[in-house]
Amino acid sequence: MTVPKSSVLVLDSAEPEALAEFYAGLLGAKTRRGTDPDFIEVVGNDGVCVAVRRDHGYAPPSWPRPDDSQQAHLHILVAEDDMDEAEREAVGLGARPVETRDNSGPRDVRTYADPAGHSFTLVAREGRSAG
């Protein structure tokens, strides 16, 4: 059985408040802050649409994209109690751990590379129940 998960696209920005407000207006949504002051979710009727994370070294995207600029990555939201099982699933499917420190609790974040090298994180989601 697979651990319940959801995902959200996270955009990096030097000014996450302004970017989150832009997307909230564009999508007819609202902004929501959690425990991390540098992370803002844009929430619509169907849940989280997108999120914005403060990157103090942010470089705006250009075409072609700079080699050292990530710009966006996928957060996969998991119940706190399911983080270890979700990690086993990801690795079993071919993910390569990049950073898997167990922070425990609501700020547990573990970073991986998918089989093609794209980064994503498993994030313990406060209030998300297991099962």
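The first residue in the sequence is number 1, and the count goes up from there. These numbers come from the heavy atoms of this one structure, side chains and all, not from hydrogens, waters or symmetry mates.
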**Message:** Would Glu21 and Val52 count as a side chain to side chain contact (heavy atoms under 4.5 Å, CB included) here? Give the steps.
**Reply:** CA-CA 10 Å; Glu21 287 296 333; Val52 183; over 6 Å; no
So which heavy atom on [X] is nearest to which on [Y], and how close?
X	Y	value
Ser13	Leu19	CB-CD2, 3.7 Å
Thr31	Ala24	CG2-CB, 4.0 Å
Ala95	Tyr112	CB-CB, 4.1 Å
Met83	Ala124	SD-N, 3.6 Å
Cys49	Gly44	SG-N, 3.7 Å
Phe120	Ala113	CE2-C, 4.1 Å

**Request:** Give, for atom OG of Ser7 and atom CG of Leu77, the distance between the pair rounded to the nearest 0.5 Å.
**Result:** 7.5 Å
**Item:** CA sep, side-chain torsions, deciding dist, call: His56, Asp38, side chain to side chain contact (heavy atoms under 4.5 Å, CB included)
**Value:** CA-CA 10 Å; His56 296 284; Asp38 290 333; 4.1 Å; yes
**Asked** In this structure, which one of Arg33, Arg32, His75 forms a side-chain contact (heavy atoms from CB on, under 4.5 Å) with Phe39?
**Response** His75
**Prompt:** Do Ile40 and Val48 share a hydrophobic cluster (ILVMFWY, side-chain heavy atoms under 4.5 Å, transitive)?
**Reply:** no
**Request:** Any chance you could lay out the side chain to side chain contact (heavy atoms under 4.5 Å, CB included) test for Thr2 and Glu89, step after step, and finish with the verdict?
**Result:** CA-CA 8 Å; Thr2 306; Glu89 288 176 2; 3.5 Å; yes
**Message:** Is it the case that over 12 heavy atoms from other parts of the model lie below 6.0 angstrom from the CD atom of Glu15?
**Reply:** no
**Prompt:** Could you go step by step and tell me if Arg110 and Asp84 meet the salt bridge (Lys or Arg N to Asp or Glu O under 4.0 Å) rule?
**Reply:** CA-CA 10 Å; Arg110 304 176 193 184; Asp84 291 336; 3.0 Å; yes
**Request:** Determine whether Leu122 and Glu87 make a side-chain contact, defined as any pair of heavy atoms from C-beta on separated by less than 4.5 Å.
**Result:** yes
**Message:** For a side chain to side chain contact (heavy atoms under 4.5 Å, CB included) check, start with the C-alpha distance between Val8 and Glu41, then their side-chain angles and the critical distance, and finish with the verdict.
**Reply:** CA-CA 9 Å; Val8 61; Glu41 295 174 328; 5.8 Å; no
